[in-house]
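The structure under discussion appears below in the form of structure tokens.
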Amino acid sequence: MPEPLILGVESSCDETGVAFVRGNTLLADVVASSVDQHARFGGVVPEVASRAHLEALLPTIKRSCEEAGHRLSDVDAIAVTSGPGLAGALMVGVAAAKALAWALDKPLYGVNHLAAHVCADVLDHGPLPEPTAALLVSGGHTNLLMVRDIASDVEELGGTIDDAAGEAFDKVARVLELPYPGGPHIEAAAASGDPAAIRFPRGLTSRKDLERHRFDYSFSGLKTAVVRWVQERQNAGETVPVADVAASFNEAVADVLTRKAIDACQEYGVSDLQIGGGVTANSRLRAMAQERCDAAGISLRVPRVRLCTDNGAMVAALGSQMVQRGLAPSSLDLPADSSMPVSQTKAS
Ligand code: KG4
Ligand code: ZN
């Protein structure tokens, strides 16, 4: 008997993703992104994203079936992102997944997008050690999680109290007149800069802040510090050393992200750290995480970049874990829940 075949549908932000997973094996992963449509606004426009999902969903399902060499009728269960995310965007994927589950008479699993990000790693490195600490960094999220069972027991240790890490990259890029999305452009500019040129602030790391926000992040003060620093140079008629600003900013973000993640591993006595989300594409973040994990005796798991950004594969992977554990499916009237808490891995 082959393991069950799971179809995964993702539509929480600006990527429409449809994928097939069997067990822990990825068979097809097709993503249509509306990122280009948001570029001139400097951030994701929810209405534009919802419309793009509507247009992309059916062609993406079709391409994914072709890539997997499967028909929809081969599917044993369907998994869809129930939340968190943009309400209108989520609704498109949820409605489509319900229609498929109804028409095919297959169980439907509404899964948590954040837990799904962590679960993507299973497709590259096999089952997650439990417990695993997870650091999730993207344009929409910055979360530190304790994963005791990826399908049913995920605790949020901390999160950002203002901007997400990727959002900070995007906003700082705008100040430096670099294109959207800013992360890759900041990284490219940073390559020729000095990360120690400017000592930008590390948010929520003072002793007083740590009392209340041990595992929380804040990037808004850092962003403001960069803006001020740049404006002062401009007002003085000096040229802005873009490479040094980019490198110093990148260093500050990577430093605080990895420092708190390692602290969480040590405080909870966990020896595995998993990192995901679009910002994980950042080579300085990866290198620093590896160095610090090595020094602390923690083993680091980072999936390939394509699995770090939003996709249907991670959703199918989490649905597959739920099926493998024999969890009950969600009901067919499951909601698109824009603020679904991470502790709720599955919609009821
Ligand atoms: O996971 P993702 O594709 O979408 C969201 O769920 O948000 O993450 C997108 C974010 C953007 O803010 C982008 O600037 C950032 O990831 N990003 C990077 C890099 N590549 C993408 N940030 C830093 N360095 C990069 N190389
Ligand atoms: Zn995401």
Side-chain angles (χ1 to χ4, degrees), residues 8-17 29 31-36 38-39 41-46 49 52-53 81-86 89-90 93 111-121 134-143 145 159-160 163-176 178-191 193 195 219 222-223 246-247 249-258 275-289 302-315 317-318 338 340 342:
V9 178
E10 155 63 32
S11 73
S12 69
C13 190
D14 57 344
E15 263 95 33
T16 313
D29 176 27
V31 174
S33 177
S34 61
V35 66
D36 293 344
H38 308 289
F41 302 104
V44 176
V45 183
H53 285 303
T81 301
S82 180
L86 303 170
L90 286 167
V111 309
N112 187 296
H113 179 82
L114 307 180
H117 263 298
V118 178
C119 200
D121 194 54
L135 171 66
L136 185 52
V137 275
S138 71
H141 350 277
T142 308
N143 301 87
L145 308 172
T160 178
D163 294 345
E167 210 177 338
F169 271 96
D170 297 336
K171 288 177 176 170
V172 165
R174 216 181 311 169
V175 173
L176 296 177
L178 299 170
Y180 173 86
H185 299 282
I186 298 239
E187 177 170 2
F219 296 103
L222 169 61
K223 175 193 68 190
F249 163 77
N250 201 339
E251 192 72 6
V253 177
D255 179 19
V256 74
L257 284 173
T258 54
I275 300 193
V279 179
T280 313
N282 191 273
S283 56
R284 183 62 187 133
L285 174 62
R286 284 174 175 248
M288 200 186 279
V302 192
R304 73 192 108 136
V305 171
R306 189 184 159 89
L307 290 180
C308 286
T309 54
D310 288 352
N311 59 71
M314 65 192 204
V315 177
L318 182 51
S338 61
M340 190 175 188
V342 69

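Counting starts at 1 for both ligands and their atoms, in listed order. These numbers come from a predicted model, not from an experiment.
- Between Asn143 and Leu135 there is no side-chain heavy-atom pair separated by less than 4.5 Å.
- Side-chain contact check for Asp29 versus Leu307: some heavy-atom pair is nearer than 4.5 Å.
- Protein heavy atom nearest atom 10 (C) of ligand 1, with residue, atom name and distance: Gly139 N, 3.4 Å.
- The Zn ion (ligand 2) is closest to atom NE2 of His113 (considering only N, O or S atoms).
- Residue His141 approaches the Zn ion (ligand 2) most closely through its N/O/S atom NE2.
- Coordination check, His117 versus the Zn ion (ligand 2): passed, since an N/O/S atom of the residue sits under 2.8 Å.
- Between Pro84 and Leu90, the closest heavy-atom pair is C-CD1, 4.1 Å.
- Considering backbone and side-chain atoms together, Gly277 places no N or O closer than 3.5 Å to any N or O of ligand 1.
- Considering backbone and side-chain N/O atoms, Pro181 never comes within less than 3.5 Å of an N/O atom of ligand 1.
- In this structure, the side chains of Val44 and Cys13 come closer than 4.5 Å at one or more pairs of heavy atoms.
- At a heavy-atom cutoff of 4.0 Å, ligand 1 is contacted by both the backbone and the side chain of Pro184.
- The nearest N/O/S atom of Asp310 to the Zn ion (ligand 2) is OD1.
- Counting atoms of ligand 1 from 1 in the listed order, those under 4.0 Å from a heavy atom of Gly140 are 7 (O).
- At a 3.5 angstrom cut-off on N or O pairs, Glu187 counts as close to ligand 1.
- Scanning Gly276, Gly43, Ala165, Gly278 for the heavy atom closest to atom 16 (O) of ligand 1 points to Gly278.
- Nearest residue to atom 12 (O) of ligand 1 from Val137, Val279, Asp170 is Asp170 (criterion: closest heavy atom).
- Heavy atoms only, all atoms of each residue included: Val137 and Ala165 are closest at CG1-CB, 4.1 Å.
- Within the 4.5 Å cutoff, the side chain of His113 has heavy atoms near those of the Glu10 side chain.
- In terms of heavy atoms, Ser138 sits closest to Ala164 at O-CB, 3.6 Å.
- Under a 4.0 angstrom heavy-atom cut-off, Gly182 registers as being in contact with ligand 1.
- Between Phe169 and Phe249, the distance from one ring center to the other falls under 6.0 angstrom.
- Annotation: side chain of Val305 is not in contact with side chain of Thr280 (no heavy-atom distance under 4.5 Å).
- Scanning the protein heavy atoms around atom 18 (C) of ligand 1, the nearest turns out to be Gly183 CA, 3.4 Å.
- Within ligand 1, counting atoms from 1 as listed, the ones closer than 4.0 Å to a heavy atom of Thr309 are 1 (O), 3 (O).
- By the side chain to side chain donor-acceptor pair (under 3.5 Å) test, Asn311 is found to be paired with no residue, residues two or more places apart in sequence or in another chain being considered.
- Nearest-residue assignment for atom 6 (O) of ligand 1 (options Val35, Asp310, Leu114, Asn282; heavy-atom criterion): Asp310.
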